[in-house]
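Because the structure is a prediction, the values reported are computed rather than measured. One-based numbering, in listed order, for ligands and for the atoms of each.
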Amino acid sequence: MGKGYYIRKHEAMAAIILAAVALVTIVALSVVYNREKSRNSAKWTNASPPAVNPTRKASNDPWDKYRLPDTLSPISYNITLWPRLQINSDGMYIFTGSSKVLFTCEKETDLILIHCNKLNLTLFNGHHANLTERSKPGAPRIRNSWLQVETQYLVIQLEGSLTPGKSYWLHTEFTGELADDLEGFYRSEYMEDGQKKIIAITQMQATYARKAFPCFDEPGMKATFQITLIHDRGTTALSNNLEASTEDIVIEGVPVTRTEFLPTKKMSSYLVAFVVSDFTYIKRKDNNRVLVRIWARKKAIEDGQGDYALNVTQPILEFFENYYNTSYPLLKSDQIALPDFNSGAMENWGLVTYRETALLYNPQMSANGNKQRIVTVVSHELAHMWFGNLVTLKWWNDLWLNEGFASYVEYLGAHHAQPTWNIKDQIILYDLQRAFAVDSLTSSHPLSRKEEEVNTPSEISEMFNTISYSKGAAVLKMLSEFLTEAVFAKGLRNYLQQFSFGSSVHSDLWDHLQKAVDETPGVKLPYNVHEIMNRWILQMGFPVVTIDTRTGNVSQRHFLLEKEAVVERTSEFNYEWFVPIKWMKSGQPQDQLWLVQKSGYFRVNYDQENWERLISQLEFGSQVIPVVNRAQILDDAFNLARASILNITLALRTTKYLIHEREYIPWEAALRNLNYFIKLFDRSEVYGALQAYLKRQVKPLFDYYGSMSKNWTMVPDGHTDQFTQIIALSLACGTGVEGCREITKGWFKKWMQDPQFNPIHPNLRSTVYCDAISAGGADEWNFGWQMFQKATVAAEAVKLRAALACTKVPWLLNRYLEYSINPEKIRKQDATSTIGYIANNVIGQPLAWNFVQANWEYFFKVYGTGSFTFSSLISDITNRFNTPFELGQLKRFQKDNAETGFGSGTQALQQAIEKTTAKIKWLAENKEAVLRWFLAESENPPKLTGIPHALT
Ligand code: BES
Ligand code: ZN
């Protein structure tokens, strides 16, 4: 046992055992956290002016603190809301509402604090609310009340005290704006049959329920919700639970429908949802179980776009019932696709909301990557129905456990629905390697934060980041594997049972897992679950484990992208981890190849000889090494080289075997690392030689898929082969493989000649559109734009929107940047990702950077301070930075906007500075060697030795 880690030795004596690897491939569709938020303008920020108190200085007063005191706890809400889907005489869309919340007094107090934001409250006898005791009159009178804008409270001071143990009703009436700002109760618009349609929807997580009705808006403050919606006749109202009654009535002379819902189970306010729309649905209800419905625009449902989601929902729900050993806790499961939606999807209990691309599938228009996205998002959100919703983490500092857990088990649920897709392996691409990329910076942070560190809405929203999602998923997968899946599931089930309808902290889960370990004979850990996990969640980063095969010595150290970086954040564990590690050996003792079987959250380095053996094994018999390991060898080698731990030419040599590689996961891993190189060099002299090398490496893959697909007229059967086919085409066209561009341009031209008939297979559209628009001019662009505007399938619209950013024509790119912030042209939900696409283009990058710099203040005002989007915006536009000049620009940008601030982009900016600094240093030391290597390679084409892959 080495210091600071533990090792499970597993020596497979003879040869490396090779599982018969089914042809696996996958999708490259990234799970883009495309979160955007926008705040609506000034009008509603100053609700009821005389009683608002924005000027009080921050103090120790309870209303200046962001956390609620523990004096009161809610029991139930009775809420009626009436969204107006027509513009009013002030030119606004509004909703009106009334709410009664029943709460218990836990500790004596003469103060009521309840969250309330941007609501205009009606006054009762000069006060913002009315208070009564539950069973009889006798509540203290209100002395004073006001809205505390900064902390988003309605503050009510009483003349006397509330009595512990007694319950009270607080009644409020209010008006709010039904803005198009994607938060709280908001509106979404779309066109149908030439007519503009408006729907009203909600997004409460994390701190927007208070914008729909006054509430104790903390996840630990669970209550039941009885919701009633007033809505236009002919529209449907949905909420978390089934409807109890509907009635046509007339209010204020307006004929409307009143839909009352059954009270919910005890739940957190951030999971409340309601929707008013004229959507339609498809449903399924098997043997009297849960009612499952998929809702969307009428045209989309009629077109069959909801069918796939409906088909996978049932098996996924059954999978999780089994996995959690708990029945689905509610009567129904609605899932609804919305034209305007900030994130990908939201796990409202019983009424899950989605972006259209995350729920709707059309086999004629959607790629298999879109299909995979749907099954994984559905699985992720349904996983939350238990983990997150039935049992909720008490406070947002533990968000990583909620999101990391769902991000791990989404693979299990999706695998159950699509068992032939080998989807579980993809966690290494979409979580493990993605998390490594940010967690190797000194500006990273630990998974878990202290409760007191997370307070304001923007601190809360900063928690929704790659560390929480992807590192969370990777670390939990590692935990589940070293405990064994059976022990993990056992502990998990007991945890869910103990905390059902309540809330917990992360160590409660560790307690139950430890108990499960203790109760299972044969499972022994050298340390307990808390001790092991604390090292992974309380300190940032991860180790690189180095195996010296000559001595058998194993050591670890904190992996940092920048060799000389100074780690300012201290760790009580001294940046040492307990690393569960297994390896395989093959060959004779004097000539052994060692390979770490890695499923954990760490990188692996070997001594030089073993690296040489790995490289030659890749070149002369790669199939001996499991697919996932091939991807990891590549990714580790490149990243060790980026951190100057390994020679860059050695990393480059791991890509030589790609001429034999036909599998998706290694190709995708290679592509990402090579893409990093492309971005590093596409403005320098290295680029030509790099392109020539890539062209040569991808040629066999291009030929292979060309012949397999009968000259690109068919797609392969295998799910992941379809992804590899896309890589083959896009890399071949991108590097100028003869015959490639002709194919893609030909297809696009055919489509332009007959826009009614698109001859391009949906899988290949992203690549073909991008290629053709990049090679073309204004005609191709304008055609693409027209098709974008006409698209009725969201998946098709995204492909076009991304491809429009591929043009090389500067004025088209600049015009497109302008479009991106015009909601008439590009939906607000898509603004930042569109700018990101433009920045991804080498010509568009400086234009996008200038555009964002010039408009930073405006963006910040319009899109608010709390959201996720700023982080991806900043990382997208600075992704290519690698010169001292660019670093200077970045720093100036930081300085110039210090006053406006960067909100949830603050960390991303820090990361950008750190990454740019690291790249500058790295280039200074390695650029020459890289150039020489590529040049030498292009002069010495490979001998095609080695064992070609079987074609099955
Ligand atoms: N709870 C989140 C949605 C969310 C994210 C709300 C950020 C508020 C702020 C949901 O469960 C989620 O994680 N959605 C992902 C998709 C998922 C498959 C990773 C998303 O929106 O991207
Ligand atoms: Zn989630």
Protein N, O or S within less than 2.8 Å of the Zn ion (ligand 2), waters excluded = His380 NE2, His384 NE2, Glu403 OE1

The answer for which part of Ala345 has a heavy atom under 4.0 Å from ligand 1 is backbone

Going by distance alone, is a donor N or O of one side chain under 3.5 Å from an acceptor N or O of the other, for Glu403 and His384?
-> yes

Evaluate the ring planes of Phe225 and Phe213, with Trp represented by its six-membered ring, and classify them as parallel (under 30°), tilted (30 to 60°) or perpendicular (over 60°).
-> perpendicular

Derivation of the ring-ring contact (aromatic ring centres under 6.0 Å, His included) call for Phe279 and Trp295 = CA-CA 6 Å; Phe279 281 11; Trp295 296 81; 8.0 Å; no

Proximal ligand 1 atoms for Ser343, defined as those under 4.0 Å from one of its heavy atoms = 3 (C), 4 (C), 21 (O)

Do Tyr66 and Glu150 have a side chain donor and acceptor closer than 3.5 Å?
-> yes

Between Arg355 (side chain) and Phe341 (backbone), is there a donor-acceptor pair under 3.5 Å?
-> yes

Note: ligand 1 atoms sitting under 4.0 Å from heavy atoms of Gln203 are 6 (C), 8 (C)

Look only at interatomic distance and state if Glu403 has a nitrogen or oxygen under 3.5 Å from any nitrogen or oxygen of ligand 1.
-> yes

Will you find, in the side chains of Gln335 and Thr313, an N or O donor that is under 3.5 Å from an N or O acceptor?
-> yes

Backbone or side-chain N or O of Thr376 under 3.5 Å from ligand 1 N or O | no

Within the distance-only criterion (no hydrogens, no angle test), does the side chain of Asn322 pair as donor or acceptor with the backbone N or O of Phe319 below 3.5 angstrom?
-> no

Per-atom contacts, ligand 1 versus Glu347 - under 4.0 Å to a heavy atom | 1 (N), 2 (C), 10 (C), 11 (O)

Is it the side chain, the backbone, both or neither of His380 that has a heavy atom closer than 4.0 Å to ligand 1?
-> side chain

For Tyr601 and Asp439, does a side-chain donor sit closer than 3.5 Å to a side-chain acceptor?
-> yes

Got a sec, which pairs hit salt bridge (Lys or Arg N to Asp or Glu O under 4.0 Å) with one end in residues 336-347, sequence neighbours left out?
-> Asp340-Arg827

Determine, considering heavy atoms only, which of Met346, Glu381, Glu183 sits nearest to atom 14 (N) of ligand 1.
-> Glu381

